[in-house]
Amino acid sequence: MNKALRKAVIAGNWKMNNTPDTTKATIEAMKPLVADADCDVVLCVPYIDIPAALEATAGSNIKIGAENCHWAVSGAFTGEVSAEMLKAIGVPYVIIGHSERRQYFGETDETVNKRVRAALDAGLIVILCVGEVKEERLQGVTSEVVRKQTKVALGGVSEAELDNIILAYEPVWAIGTGLTATPEQAQEVCADIRALVGELYNKAAADKFVIQYGGSMNAANAAELLDKEDVDGGLIGGASLKAQDFSVIVKAASR
Ligand code: PGA
(Lines give C-alpha, C1' and ligand atoms only; values in the text may rest on other atoms or scores of the structure.)
Protein backbone atom coordinates (compact mmCIF):
# COMPACT_ATOMS: atom_id res chain seq x y z
CA MET A 1 0.00 0.00 0.00
CA ASN A 2 1.66 3.21 -1.17
CA LYS A 3 -0.68 5.19 1.04
CA ALA A 4 1.52 4.12 3.95
CA LEU A 5 4.41 6.07 2.35
CA ARG A 6 2.53 9.32 2.85
CA LYS A 7 1.64 11.19 6.03
CA ALA A 8 -1.86 12.61 5.92
CA VAL A 9 -2.22 16.39 6.07
CA ILE A 10 -5.39 18.06 7.30
CA ALA A 11 -5.33 21.78 6.56
CA GLY A 12 -7.94 24.36 7.43
CA ASN A 13 -8.58 27.30 5.13
CA TRP A 14 -10.25 30.04 7.12
CA LYS A 15 -10.68 32.30 4.06
CA MET A 16 -11.81 35.83 5.13
CA ASN A 17 -12.99 34.82 8.60
CA ASN A 18 -11.87 35.57 12.16
CA THR A 19 -10.09 38.46 13.86
CA PRO A 20 -7.00 38.09 16.06
CA ASP A 21 -9.26 37.66 19.11
CA THR A 22 -11.48 34.96 17.63
CA THR A 23 -8.39 33.34 16.12
CA LYS A 24 -6.93 32.92 19.57
CA ALA A 25 -10.19 31.59 21.04
CA THR A 26 -10.72 29.10 18.21
CA ILE A 27 -7.17 27.79 18.41
CA GLU A 28 -7.30 27.46 22.20
CA ALA A 29 -10.43 25.33 21.80
CA MET A 30 -8.83 23.27 19.03
CA LYS A 31 -5.46 22.53 20.59
CA PRO A 32 -6.50 19.88 23.14
CA LEU A 33 -8.84 18.25 20.62
CA VAL A 34 -6.10 17.62 18.04
CA ALA A 35 -3.11 17.18 20.38
CA ASP A 36 -2.82 13.43 19.75
CA ALA A 37 -3.25 13.66 15.96
CA ASP A 38 -1.33 11.14 13.89
CA CYS A 39 -1.34 13.42 10.85
CA ASP A 40 -0.02 16.90 10.08
CA VAL A 41 -2.41 19.65 11.16
CA VAL A 42 -2.28 23.05 9.49
CA LEU A 43 -4.45 26.16 9.76
CA CYS A 44 -4.26 28.71 6.95
CA VAL A 45 -5.52 32.05 8.19
CA PRO A 46 -5.88 35.66 7.00
CA TYR A 47 -2.63 37.65 7.07
CA ILE A 48 -3.91 39.88 9.86
CA ASP A 49 -4.51 36.85 12.11
CA ILE A 50 -1.11 35.22 11.56
CA PRO A 51 0.71 36.74 14.58
CA ALA A 52 -2.12 35.71 16.93
CA ALA A 53 -2.24 32.26 15.36
CA LEU A 54 1.52 31.75 15.67
CA GLU A 55 1.41 32.80 19.30
CA ALA A 56 -1.58 30.59 20.14
CA THR A 57 -0.09 27.51 18.44
CA ALA A 58 3.47 27.85 19.81
CA GLY A 59 4.57 24.53 21.26
CA SER A 60 1.53 22.69 19.83
CA ASN A 61 1.21 20.34 16.86
CA ILE A 62 -0.79 22.88 14.84
CA LYS A 63 1.18 24.59 12.06
CA ILE A 64 0.18 27.92 10.51
CA GLY A 65 -0.16 28.88 6.88
CA ALA A 66 -1.10 31.93 4.82
CA GLU A 67 -3.76 31.88 2.12
CA ASN A 68 -1.66 33.34 -0.69
CA CYS A 69 1.61 35.11 -1.42
CA HIS A 70 3.03 37.28 -4.20
CA TRP A 71 5.82 36.14 -6.52
CA ALA A 72 8.14 39.11 -6.03
CA VAL A 73 10.41 39.35 -3.00
CA SER A 74 9.41 43.00 -2.50
CA GLY A 75 8.36 45.98 -4.60
CA ALA A 76 5.51 48.15 -5.84
CA PHE A 77 2.63 45.69 -5.44
CA THR A 78 0.09 47.47 -3.27
CA GLY A 79 -1.85 45.16 -1.02
CA GLU A 80 0.29 42.09 -1.61
CA VAL A 81 2.45 40.06 0.78
CA SER A 82 5.59 38.20 -0.31
CA ALA A 83 6.68 34.68 0.49
CA GLU A 84 9.84 36.15 2.03
CA MET A 85 7.73 38.19 4.44
CA LEU A 86 5.81 35.10 5.50
CA LYS A 87 9.04 33.22 6.01
CA ALA A 88 10.47 36.10 8.04
CA ILE A 89 7.68 35.92 10.61
CA GLY A 90 7.86 32.13 10.88
CA VAL A 91 4.97 30.96 8.69
CA PRO A 92 5.75 27.52 7.25
CA TYR A 93 2.82 26.93 4.85
CA VAL A 94 1.02 28.86 2.13
CA ILE A 95 -2.01 28.06 -0.04
CA ILE A 96 -1.48 28.93 -3.72
CA GLY A 97 -3.99 28.93 -6.57
CA HIS A 98 -7.18 28.53 -4.55
CA SER A 99 -10.19 28.59 -6.87
CA GLU A 100 -11.51 31.74 -5.17
CA ARG A 101 -8.26 33.48 -6.12
CA ARG A 102 -8.63 32.19 -9.68
CA GLN A 103 -12.35 33.10 -9.90
CA TYR A 104 -12.46 36.48 -8.16
CA PHE A 105 -8.92 37.83 -8.39
CA GLY A 106 -7.86 36.91 -11.88
CA GLU A 107 -5.19 34.34 -11.05
CA THR A 108 -4.10 32.20 -13.94
CA ASP A 109 -2.11 28.99 -14.19
CA GLU A 110 0.89 31.17 -15.05
CA THR A 111 0.63 33.47 -12.01
CA VAL A 112 -0.02 30.42 -9.84
CA ASN A 113 3.24 28.94 -11.16
CA LYS A 114 5.12 32.16 -10.36
CA ARG A 115 3.75 32.16 -6.82
CA VAL A 116 4.66 28.50 -6.36
CA ARG A 117 8.20 29.26 -7.51
CA ALA A 118 8.52 32.19 -5.09
CA ALA A 119 7.12 30.22 -2.16
CA LEU A 120 9.51 27.32 -2.76
CA ASP A 121 12.43 29.73 -3.11
CA ALA A 122 11.52 31.25 0.25
CA GLY A 123 11.46 27.80 1.84
CA LEU A 124 7.70 27.57 2.37
CA ILE A 125 5.56 24.47 2.00
CA VAL A 126 2.96 25.04 -0.70
CA ILE A 127 -0.62 23.79 -0.67
CA LEU A 128 -1.32 24.01 -4.41
CA CYS A 129 -5.00 23.99 -5.40
CA VAL A 130 -6.46 22.69 -8.65
CA GLY A 131 -9.98 21.73 -9.66
CA GLU A 132 -12.61 21.84 -12.37
CA VAL A 133 -15.78 23.95 -12.46
CA LYS A 134 -19.19 22.31 -12.82
CA GLU A 135 -19.46 22.88 -16.60
CA GLU A 136 -16.10 21.22 -17.15
CA ARG A 137 -17.16 18.16 -15.16
CA LEU A 138 -20.40 17.96 -17.13
CA GLN A 139 -18.47 18.24 -20.39
CA GLY A 140 -16.22 15.37 -19.32
CA VAL A 141 -13.00 17.42 -19.39
CA THR A 142 -12.12 17.21 -15.69
CA SER A 143 -8.94 15.24 -16.34
CA GLU A 144 -7.70 17.65 -19.03
CA VAL A 145 -8.41 20.70 -16.85
CA VAL A 146 -6.83 19.36 -13.69
CA ARG A 147 -3.83 17.95 -15.55
CA LYS A 148 -3.17 21.27 -17.28
CA GLN A 149 -3.49 23.26 -14.04
CA THR A 150 -1.14 20.86 -12.28
CA LYS A 151 1.39 20.70 -15.11
CA VAL A 152 1.65 24.48 -15.51
CA ALA A 153 1.79 25.08 -11.74
CA LEU A 154 4.65 22.58 -11.41
CA GLY A 155 6.64 24.11 -14.28
CA GLY A 156 10.28 24.51 -13.19
CA VAL A 157 9.72 22.56 -9.96
CA SER A 158 12.39 19.90 -9.37
CA GLU A 159 11.70 16.42 -8.09
CA ALA A 160 13.33 17.26 -4.75
CA GLU A 161 11.08 20.31 -4.40
CA LEU A 162 7.97 18.13 -4.66
CA ASP A 163 8.61 17.25 -1.00
CA ASN A 164 7.53 20.82 -0.22
CA ILE A 165 4.33 20.69 -2.24
CA ILE A 166 0.97 19.34 -1.16
CA LEU A 167 -1.57 19.25 -3.94
CA ALA A 168 -5.21 19.95 -3.06
CA TYR A 169 -7.75 18.66 -5.55
CA GLU A 170 -10.79 20.87 -5.04
CA PRO A 171 -13.66 20.55 -7.48
CA VAL A 172 -14.96 24.11 -7.63
CA TRP A 173 -18.60 22.94 -7.65
CA ALA A 174 -18.03 21.32 -4.25
CA ILE A 175 -16.46 24.30 -2.50
CA GLY A 176 -18.73 25.92 0.05
CA THR A 177 -21.77 24.37 -1.58
CA GLY A 178 -22.35 21.35 0.65
CA LEU A 179 -22.05 19.28 -2.54
CA THR A 180 -19.16 16.94 -1.79
CA ALA A 181 -17.55 14.84 -4.47
CA THR A 182 -18.27 11.18 -3.85
CA PRO A 183 -15.30 9.23 -2.48
CA GLU A 184 -15.08 7.54 -5.91
CA GLN A 185 -14.97 10.89 -7.75
CA ALA A 186 -12.31 12.21 -5.34
CA GLN A 187 -10.28 9.02 -5.69
CA GLU A 188 -10.49 9.04 -9.49
CA VAL A 189 -9.08 12.56 -9.85
CA CYS A 190 -6.48 12.21 -7.08
CA ALA A 191 -5.22 9.01 -8.74
CA ASP A 192 -5.14 10.81 -12.11
CA ILE A 193 -3.03 13.62 -10.62
CA ARG A 194 -0.69 11.05 -9.08
CA ALA A 195 -0.36 9.37 -12.48
CA LEU A 196 0.52 12.75 -14.00
CA VAL A 197 3.23 13.31 -11.38
CA GLY A 198 4.54 9.88 -12.33
CA GLU A 199 4.65 10.95 -15.99
CA LEU A 200 6.27 14.34 -15.26
CA TYR A 201 8.79 12.97 -12.72
CA ASN A 202 8.80 9.25 -11.89
CA LYS A 203 6.88 6.60 -9.96
CA ALA A 204 8.82 7.00 -6.72
CA ALA A 205 8.09 10.74 -6.71
CA ALA A 206 4.41 10.06 -7.42
CA ASP A 207 4.14 7.43 -4.69
CA LYS A 208 5.21 9.84 -1.96
CA PHE A 209 3.42 12.94 -3.29
CA VAL A 210 0.71 14.12 -0.88
CA ILE A 211 -2.67 14.83 -2.49
CA GLN A 212 -5.60 16.24 -0.53
CA TYR A 213 -9.27 16.44 -1.39
CA GLY A 214 -11.14 19.67 -0.64
CA GLY A 215 -14.74 20.79 -1.13
CA SER A 216 -17.35 20.53 1.62
CA MET A 217 -15.35 17.94 3.54
CA ASN A 218 -16.88 17.80 7.01
CA ALA A 219 -17.08 15.76 10.21
CA ALA A 220 -19.69 13.45 8.68
CA ASN A 221 -18.08 12.64 5.32
CA ALA A 222 -14.33 12.93 6.04
CA ALA A 223 -13.68 9.30 6.99
CA GLU A 224 -14.97 7.77 3.75
CA LEU A 225 -13.09 10.31 1.61
CA LEU A 226 -9.83 9.91 3.55
CA ASP A 227 -10.16 6.15 3.34
CA LYS A 228 -9.50 6.24 -0.41
CA GLU A 229 -6.09 5.04 -1.57
CA ASP A 230 -5.00 8.28 -3.25
CA VAL A 231 -6.63 10.78 -0.90
CA ASP A 232 -3.96 11.75 1.63
CA GLY A 233 -5.75 14.46 3.54
CA GLY A 234 -8.12 17.34 3.22
CA LEU A 235 -8.27 21.08 2.70
CA ILE A 236 -11.17 22.18 4.83
CA GLY A 237 -13.00 25.50 4.57
CA GLY A 238 -16.22 25.90 6.56
CA ALA A 239 -15.64 22.99 8.94
CA SER A 240 -12.21 24.32 9.93
CA LEU A 241 -13.84 27.31 11.63
CA LYS A 242 -15.34 25.03 14.28
CA ALA A 243 -12.89 23.38 16.67
CA GLN A 244 -15.03 20.32 17.27
CA ASP A 245 -15.80 19.60 13.60
CA PHE A 246 -12.20 20.15 12.57
CA SER A 247 -10.95 17.78 15.27
CA VAL A 248 -13.27 15.01 14.06
CA ILE A 249 -11.71 15.32 10.58
CA VAL A 250 -8.20 15.27 12.10
CA LYS A 251 -9.12 12.09 13.98
CA ALA A 252 -10.45 10.51 10.79
CA ALA A 253 -7.09 11.18 9.12
CA SER A 254 -5.03 9.80 12.01
CA ARG A 255 -4.01 6.25 11.30
P1 PGA B 1 -15.26 24.20 1.98
O2 PGA B 1 -13.97 24.96 1.37
O3 PGA B 1 -14.72 23.10 2.86
O4 PGA B 1 -15.97 25.26 2.77
O5 PGA B 1 -16.03 23.70 0.84
C6 PGA B 1 -12.86 24.24 0.95
C7 PGA B 1 -11.83 25.18 0.40
O8 PGA B 1 -12.20 26.18 -0.23
O9 PGA B 1 -10.62 24.97 0.55
Side-chain angles (χ1 to χ4, degrees), residues 8-18 22-23 26 30 34 39-47 49-50 53 62-69 91 93-107 112 115-116 119 124-134 136-137 142 145-146 149-150 153 165-183 185-186 189-190 193 210-226 228 231-253:
V9 182
I10 297 297
N13 172 14
W14 278 5
K15 311 193 179 185
M16 198 171 74
N17 292 290
N18 281 320
T22 60
T23 293
T26 305
M30 220 174 246
V34 303
C39 64
D40 287 337
V41 182
V42 183
L43 282 179
C44 298
V45 306
Y47 294 128
D49 296 326
I50 287 176
I62 304 176
K63 302 281 182 291
I64 296 304
E67 299 175 9
N68 195 15
C69 70
V91 175
Y93 288 82
V94 64
I95 296 173
I96 309 251
H98 191 277
S99 67
E100 286 150 17
R101 300 294 320 171
R102 295 176 190 257
Q103 267 183 303
Y104 308 137
F105 302 100
E107 300 219 6
V112 167
R115 290 176 205 263
V116 167
L124 301 180
I125 300 173
V126 173
I127 300 176
L128 167 63
C129 303
V130 300
E132 82 287 4
V133 299
K134 187 171 160 210
E136 292 164 337
R137 177 156 284 267
T142 296
V145 169
V146 168
Q149 289 175 342
T150 305
I165 296 189
I166 295 162
L167 192 134
Y169 166 56
E170 299 206 300
V172 179
W173 48 271
I175 294 178
T177 57
L179 279 177
T180 316
T182 64
Q185 287 172 325
V189 182
C190 290
I193 294 167
V210 175
I211 304 178
Q212 301 173 316
Y213 166 79
S216 299
M217 189 186 275
N218 59 40
N221 63 26
E224 55 176 5
L225 288 158
L226 295 168
K228 288 292 174 189
V231 179
D232 307 316
L235 183 57
I236 326 293
S240 72
L241 296 167
K242 301 181 204 114
Q244 179 64 34
D245 288 11
F246 189 64
S247 73
V248 171
I249 300 171
V250 167
K251 283 198 177 69

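Numbering of residues begins at 1 and proceeds along the displayed sequence. Numbering of ligands and ligand atoms starts at 1, following listing order.
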Tell me the closest heavy-atom pair linking [X] and [Y], and the distance in Å.
X	Y	result
Leu128	Val112	CD1-CG1, 3.7 Å
Asn218	Ala239	CA-CB, 4.2 Å
Ala253	Ala8	O-CB, 3.8 Å

Practice task
Measure the distances from the heavy atoms of Ala239 to every atom of ligand 1 and state whether one is below 4.0 angstrom.
Solution key: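 No, Ala239 has no heavy atom closer than 4.0 Å to ligand 1.
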Problem - Contact check, Ser240 vs ligand 1, heavy-atom distance below 4.0 Å - result: no
Practice task
Would you check the N or O atoms of His98, main chain and side chain alike, for any that come under 3.5 Å of an N or O of ligand 1?
Solution key: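 Between His98 and ligand 1, an N or O pair is found under 3.5 Å apart.
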Among all protein non-hydrogen atoms, which one is nearest to [atom], and what is the separation to 0.1 Å?
atom	answer
atom 9 (O) of ligand 1	Glu170 OE2, 2.6 Å
atom 3 (O) of ligand 1	Gly237 N, 2.8 Å
atom 4 (O) of ligand 1	Gly238 N, 2.9 Å

Exercise for the section: Under 4.0 Å, heavy atoms only, figure out whether ligand 1 is touched by the backbone of Ile175, its side chain, both or neither. Expected result: both
Which distance, rounded to the nearest 0.5 Å, do you find between the [atom1] of [X] and the [atom2] of [Y]?
X	Y	atom1	atom2	result
Tyr47	Met16	OH	CE	13.5 Å
Ile50	Ile64	CD1	CD1	8.5 Å
His98	Asn68	NE2	CG	10.5 Å
Leu226	Met217	CG	CE	4.0 Å

Handout entry: pair Ile95-Leu235: side-chain heavy atoms closer than 4.5 Å
Key = yes
State the atoms of ligand 1, each with its element, that fall below the 4.0 Å cut-off from a heavy-atom position in [X].
X	result
Ser216	1 (P), 3 (O), 5 (O)
Ala174	5 (O)
Gly176	1 (P), 4 (O), 5 (O)
Leu235	6 (C), 9 (O)
Gly215	5 (O)

